[in-house]
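Just so we're on the same page: letters track the sequence lines, and every chain starts at 1.
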Number of protein chains: 2
Amino acid sequence: MDISEVRHRIVATADELYNAKGIQSVGMDELRTAAGVSLKKLYQEFPSKSSIVMAVLERRHESWTDGLDAAVRQASGPRAKLLAIFDYLAGWFCQDSFRGCGFINSFAELGAVSPEVAEYARKHKESFQEYVAGLAGDAGAPPYLAPQLSILAEGAQTTAAIAGSPEAAGQARQAAEVLIQAALGRVASTVPAAVVQ
Amino acid sequence: MDISEVRHRIVATADELYNAKGIQSVGMDELRTAAGVSLKKLYQEFPSKSSIVMAVLERRHESWTDGLDAAVRQASGPRAKLLAIFDYLAGWFCQDSFRGCGFINSFAELGAVSPEVAEYARKHKESFQEYVAGLAGDAGAPPYLAPQLSILAEGAQTTAAIAGSPEAAGQARQAAEVLIQAALGRVASTVPAAVVQ
DNA sequence: CGAAGTAGAGAACGATCGTTCTCTCTCTGT
DNA sequence: ACAGAGAGAGAACGATCGTTCTCTACTTCG
């Protein structure tokens, strides 16, 4: 379909621009030019800017989910799968285009003024937490581990974004190793309780 | 001085409004009305909106630093001081006005378009990390502990903001206990290496 | 009492935003 | 070949932004 190809190009371009400059800083005209679409076609595909924003958030959610899941599936063993989250973050942070989590950013920019955006960001984070909880459950971890790892992942994202360096991923990963070890050590009962580093 | 009283009221009002609605969503006229100052006086005190934004960031930095330091000083013992960070977060998250870290938010909103804001946010986070490193050093912890705790604190802030609930503070605190125990366990050599929970 | 300087209120300005409209041109069907 | 529908380019519109200007009224000093 031609129509959905145009839609896709608009959303992909908006994603790039919104990520690079923030949502409110990118006007419809700039988006129109960058996507190479006429203003008429743009408003033919989307009724308003806010609908484009929501489409971008959906795209980001899929991209995040797919990328994370691919990284996790590639890892073998439940502990490795939990740590794969942080390897995925490390790869992301090293991209030139990385400017922080798009949901945190859009929530910061529009969450107070747009209930849709706030709600979508909340659901995205919730789905991530549930995903981590699933992995932690597979590893036989007690329920408190998953929120701890989720918080580490969130912190790594904002730290890396503001510092402009990817090292937070490795630091979060090391912390995750300790937390996983502490939470699972009991279960893997014969192993000595904790080995630092 | 009358002058600095007006300045203070402008900055305090701007801080509230920017926190509640985002920086770009609050116009100079709204700020003028809320602060009860004439537009002339406003521009007499500050040459531009961006200078108000920077003044707000300075105010936030002081407020954060003072509040955190007070909470930490109140705790006794190096481990308790490290954990006091998360108790301070818990208190903050429970305030109605809490809408996430003002530096993360302003970075997300303006970081890409305003180098001043991006740089100030970076320095603020850097100073927090150094502060944590100082506390961790006092506790005799190895150098990797401080970044881990800083990342936890960052993650708790964004998680609590987006979820709209303060529970992330407690979860981060529990994780911090585990990380501190793991990092210091060796040093407090006679104590069993790790005790979960 | 009267003149002059100051401060407040808000109108005004240029820029830019999201959105719509107009005008022109190009295809297509008969 | 020609009428008509559709698309592209961008002008136009109303709203709002940050910022400046104007006008009025009050205070203060000779």
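If you take CG of A:L42 and C1' of D:dG8, they are 13 Å apart, rounded to a whole angstrom. Distance A:Y43 OH to D:dG6 P: 22 Å, rounded to the nearest Å. Note: CG (B:L31) to P (D:dG18) measures 9 Å, nearest angstrom. When rounded to the nearest whole Å, the span between CG of A:D29 and C1' of D:dA12 equals 13 Å. As rounded to whole Å, 15 Å separates atom C1' of C:dC23 from atom CG of A:L39. Between the C1' atom of D:dG18 and the CD1 atom of B:I52 lies a distance of 10 Å, rounded to the nearest Å. Put simply, NZ on B:K21 is 14 Å from C1' on D:dC17, counting in whole angstrom units. Taking atom CD of residue B:E30 and atom P of nucleotide D:dC17, one finds them 8 Å apart after rounding to whole Å.
Across all strands shown, B:K40 has heavy atoms under 4.0 Å from base atoms, whether or not it also approaches the sugar-phosphate.
Mapping A:G27 and B:Q44 onto DNA chain C by nearest heavy atom places B:Q44 at the nucleotide closer to the 5' end.
In this structure, B:R122 fails the cation-pi test against B:F107, since its NZ or CZ atom is not both closer than 6.0 Å to the six-membered ring centre and inside 45 degrees of the ring normal. The cationic group of A:R32 does not satisfy the cation-pi geometry with A:Y43, failing either the under 6.0 Å distance to the six-membered ring centre or the 45° limit from the ring axis.
Ring orientation note: the planes of A:H124 and A:F103 are close to parallel, at an angle under 30° on the 30°/60° scale.
Contact between A:L68 and A:I85 at its shortest, heavy atoms only, is CD1-CA, 4.0 Å.
For A:K49, the listed nucleotide lying nearest its side chain is C:dG18; candidates were D:dT19, C:dG8, C:dG18.
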